[in-house]
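Below you'll find the structure, written out as structure tokens, and then a few comments.
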Amino acid sequence: MFSPRQLGIGIAIGATAGVAGTYLLLKPVHEAPTAPSAVSHPAAKYGLPQSNHLRLFEGYISDFDPRTRNPAYVLECITKESSSGEGNRESVAFYEDEGIDKRFRNRLDDFRRSGYDRGHLAPAADHKSSQAAMKATFSLSNISPQVGAGFNRDYWARFERFVKLLSRSCDRVYIATGPLYLPKASGQGGFEMQYPLIGNAPRLVAVPTHFFKVILAEPPAGADGSKAAGSSQKKMVVGAFVMPNAPIDPTTPLSAFAVPLTALEEASGLDFFPAYLNDSRRAALDTTALSWQALGRTQMQQATPALKAELLSLLAADPSLEPQAASSSGAPSTSQPQSPATKQRPMAVSMRPFPTGAGGMGAVHVCEHVDCKLPAEDWFQAAQAARNSSSVSSAEQPAGKLPLKGEKSNGKHAR
DNA sequence: TTTCCTGT
């Protein structure tokens with residue numbers, strides 16, 4: 001009668017209903033919605049033990065798990081507007097979430113000299129519409145310990161940028177991000193959990209073995225009247241990805257990390273986007289996700305030049321080939337006229353055909369919507385180079401760097 | 001168009 005799942009849903013609804021405009025950084029929002037009086041079971045006369053803390057911030061929600069001292073998940077919604085603007089992280093510092101009791105929250109000291117980065121789950125770059133919005137992402141209730149080099153500062157950062165770019169081809173992008181603690185196979189067919197912890201016992205912060213992102217993107221509303229007619233055919237864009245909290249080969253295609261939602265939900269205990277995902281949608285998307293994962297892993301493991309060329313040709317297939325599978329897979333329910341809808345796709349992203357992709361009950365996998373390759377691994381260097389060349393607008397020579405070196409050497413010589 | 005850490 002009072003299953004944890006029902007409770008969770010009730011809490012979520014109660015909390016979000018009160019959010020509207022009143023989210024405050026320091027307000028202990030977890031107290032109101034989880035009031036023990038909400039449960040009338042006789043065993044709960046003196047209240048239920050509290051284990052999770054729902055924290056509402058401008059731009060995102062964190063469901064903080066005090067056992068691991070990580071968020072259980074962080075949920076955000078980004079748009080082109082929210083992810084661009086004046087927000088600047090230079091003047092922002094991480095801060096402890098005083099809305100969580102001292103016994104339960106993670107602390108700045110936990111991360112100091114831990115060897116791990118303070119990794120944003122809702123990325124700072126997703127919330128640049130105002131300085132306040134960006135600052136909110138620096139609350140430690142949005143932070144998990146992440147491996148820095150090779151992961152948080154590299155592949156994961158590129159993944160975040162990939163997700164952010166979805167907000168250019170979709171109206172709204174809903175993203176659930178969180179840690180995973182995945183067991184390893186132990187000797188005799190069993191499993192065991194093994195992961196580091198940082199901080200001081202007993203107030204330890206778990207270091208997740210993996211991180212996930214679940215993406216649910218709304219297709220753009222018709223910009224013109226002509227598109228409005230086809231709006232019912234616009235498909236939601238959905239995908240789930242899981243990556244190890246470890247350095248990742250920068251050449252790995254993103255599709256190699258696509259996972260079936262069902263598997264992620266079974267591993268995490270979380271039911272994602274329950275107001276949209278139902279069993280049939282989930283099943284269709286899971287099939288597609290496995291296909292993309294297999295493609296990506298094949299690409300990763302057997303990257304002989306010949307196979308690379310073959311895969312590249314497959315990936316670069318003509319966009320006009322788009323969802324043929326509706327006819328081939330024999331899903332009669334999805335008997336939509338395909339021609340108008342497919343031609344109206346947003347610009348700047350390459351539409352990709354994939355045989356098992358159709359029949360997603362109104363949804364397509366992320367890898368069908370855009371190339372599930374990440375931007376070039378040297379995109380930061382490229383951006384820096386572009387910045388340098390633009391700042392040295394008149395003089396194209398790299399001499400702009402020389403004065404810096406000269407200053408340093410001058411300082412040394414002065415001594 | 002990005003992540004972060006290190007001292008006194």
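Residue numbers begin at 1 in each chain, while the letters A, B, ... track the order of the sequences.
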Which nucleotide in [options] has an atom nearest any side-chain atom of [X]:
| X | options | result |
| --- | --- | --- |
| A/A157 | B/dG7, B/dC5, B/dT3 | B/dT3 |
| A/R112 | B/dT3, B/dT1, B/dT6 | B/dT6 |
| A/K164 | B/dC5, B/dT3, B/dT1 | B/dT1 |
| A/R161 | B/dC4, B/dG7, B/dT1 | B/dT1 |
| A/R113 | B/dC4, B/dT3, B/dT6 | B/dT6 |

### Query
Thinking salt bridges, do A/R107 and A/D110 make one under a 4.0 Å N-O criterion?
no
Length of the [atom1]-[atom2] vector between [X] and [N], whole Å:
| X | N | atom1 | atom2 | answer |
| --- | --- | --- | --- | --- |
| A/R153 | B/dT6 | CZ | C1' | 10 Å |
| A/F111 | B/dT3 | CZ | P | 16 Å |
| A/H120 | B/dT1 | NE2 | P | 17 Å |
| A/R89 | B/dC5 | CZ | P | 9 Å |
| A/E90 | B/dT1 | CD | P | 12 Å |
| A/F138 | B/dC4 | CZ | P | 7 Å |
| A/D117 | B/dC4 | CG | C1' | 5 Å |
| A/L140 | B/dC4 | CG | C1' | 14 Å |

### Query
What residue pairs, at least two apart or across chains, pass salt bridge (Lys or Arg N to Asp or Glu O under 4.0 Å) with a residue in residues 190-211 of chain A?
none
### Task
For A/A206, enumerate each residue passing the side-chain contact (heavy atoms from CB on, under 4.5 Å) test, keeping only those at least two apart in sequence or located in another chain.
A/T68, A/N70, A/Y181, A/Y195, A/L197
### Query
Are any side-chain N or O atoms of A/D286 and backbone N or O atoms of A/L261, one a donor and one an acceptor, separated by less than 3.5 Å?
yes
### Task
Give a yes or no answer on whether the side chain of A/S139 reaches the backbone of A/A136 with a donor-acceptor pair at less than 3.5 Å.
no
### Query
Base, sugar-phosphate, or nothing: which does A/A124 touch, judged by heavy atoms less than 4.0 Å apart?
sugar-phosphate
